[in-house]
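Convention: sequence-line order gives letters A, B, ...; per-chain numbering from 1. Since the structure is predicted, the reported quantities are computational estimates derived from the model, not experimental observations.
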Amino acid sequence: GESVGLHLPTLSVQEGDNSIINCAYSNSASDYFIWYKQESGKGPQFIIDIRSNMDKRQGQRVTVLLNKTVKHLSLQIAATQPGDSAVYFCAENIHNNDMRFGAGTRLTVKP
Amino acid sequence: DGGITQSPKYLFRKEGQNVTLSCEQNLNHDAMYWYRQDPGQGLRLIYYSQIVNDFQKGDIAEGYSVSREKKESFPLTVTSAQKNPTAFYLCASSPTGAGYTFGSGTRLTVV
């Protein structure tokens, strides 16, 4: 079946730099996308979401970009901090609450 | 405060034993889900329930059972038929058409 995937399993950035985490999805019918952050030993936490009628959405220090033409989703974190170190998952809503999750990207922030 | 609570945080199971993981939410969400997460891997859907007294198998339901007698509660039983139960188990809930809220997880270990 169709699934969500990630370009990179790990990402290491310097504190203060911007981070970009990418996600490819293959289901063109998906209408809702979410980024989650998961710290070690904890459940995933909602970061930001975007619906398919938008191509950009901004939160506090985070921006999600959606490119439906190439089925690509990205999460940008500005001025990355040590507390941002975690695994980041993208998720797509296939239909009616059927969410599919990517494998995740581990972000490491170097001091 | 509204939220979703999983208990216990850590659980140990002996060979051939059934164990039940608790998941309770006071968010008034209709849908609830159980996921399994293995080290370095993404989330795999075990069971989900869109409404009270109804539930469906996910991708890896074998060796697991659930019930949904109340809107607030969605317990997961890991039976002796599950041959490799050691994993991190996550419960989630959602309103229709929106993202998931996750619990803090239960780490199950076979001893």
Side-chain angles (χ1 to χ4, degrees), chain A residues 1-11 21 23-25 29-53 57 59 62 64 66 73 75 86-108, chain B residues 2-11 21-25 27 29-51 54-60 74 87-109:
Chain A
E2 297 182 71
S3 62
V4 177
L6 293 172
H7 293 307
L8 295 172
T10 61
L11 177 65
I21 301 172
C23 179
Y25 67 95
S30 295
D31 59 359
Y32 180 55
F33 305 86
I34 303 176
W35 280 101
Y36 288 92
K37 173 186 180 182
Q38 186 178 24
E39 296 175 277
S40 182
K42 298 182 180 179
Q45 292 178 288
F46 172 95
I47 301 173
I48 193 167
D49 60 358
I50 188 167
R51 298 207 175 267
S52 57
N53 60 352
R57 189 152 190 246
V62 294
V64 55
L66 175 63
L73 191 69
L75 176 70
V87 175
Y88 290 82
F89 294 94
C90 65
E92 63 175 326
N93 183 57
I94 306 294
H95 61 84
N96 195 28
N97 277 31
D98 182 8
M99 299 287 290
R100 299 290 163 161
F101 295 85
T105 293
R106 181 174 299 280
L107 175 65
T108 301
Chain B
I4 182 165
T5 303
Q6 289 186 242
S7 63
K9 189 173 178 63
Y10 299 97
L11 186 58
L21 283 60
S22 172
C23 180
E24 303 279 332
Q25 55 101 359
L27 299 165
H29 288 170
D30 288 317
M32 297 187 75
Y33 311 82
W34 274 105
Y35 287 88
R36 171 180 172 140
Q37 187 176 36
D38 292 284
Q41 297 189 28
L43 306 177
R44 291 188 289 168
L45 182 64
I46 304 173
Y47 267 98
Y48 66 101
S49 169
Q50 302 275 30
I51 197 169
D54 188 43
F55 49 83
Q56 286 79 40
K57 293 181 178 180
D59 300 320
I60 56 165
F74 191 41
F88 189 53
Y89 290 86
L90 286 161
C91 180
S93 69
S94 73
T96 302
Y100 295 1
T101 299
F102 284 90
S104 55
T106 293
R107 188 167 299 280
L108 174 63
T109 304

What part of [X] is in contact with chain A, defined as an atom under 4.5 angstrom from a non-hydrogen atom: side chain, backbone, both or neither?
| X | result |
| --- | --- |
| B/Asp59 | side chain |
| B/Tyr35 | side chain |
| B/Gln6 | neither |

Answer with side chain, backbone, both or neither: which region of A/Phe33 has an atom nearer than 4.5 Å to a non-hydrogen atom of chain B?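 Interface part for A/Phe33: neither.
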Need one label for A/Gln38: side chain, backbone, both or neither, based on atoms under 4.5 Å from any heavy atom in chain B.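 Side chain of A/Gln38 only, per the 4.5 Å heavy-atom cut-off to chain B.
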Given 3.5 Å as the limit, does a donor-acceptor pair link the side chain of A/Thr10 with the main chain of A/Arg106, or not?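 Judged by distance alone, no pair lies under 3.5 Å.
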Keeping B/Trp34 on the side-chain end and B/Phe74 on the backbone end, is there a donor-acceptor pair under 3.5 Å?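 At least one qualifying donor-acceptor pair exists.
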State which residue, out of B/Ile46, B/Leu43, B/Leu45, fulfils the side-chain contact (heavy atoms from CB on, under 4.5 Å) condition with B/Tyr33.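 Of all the options given, the one that passes is B/Leu45.
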Non-hydrogen side-chain atoms of B/Tyr89 and B/Leu11 separated by less than 4.5 Å: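 Sidechains of B/Leu11 and B/Tyr89: no contact.
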Are A/Asp49 and A/Arg51 within salt-bridge range, i.e. N to O under 4.0 Å?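 No, A/Asp49 and A/Arg51 are not salt-bridged.
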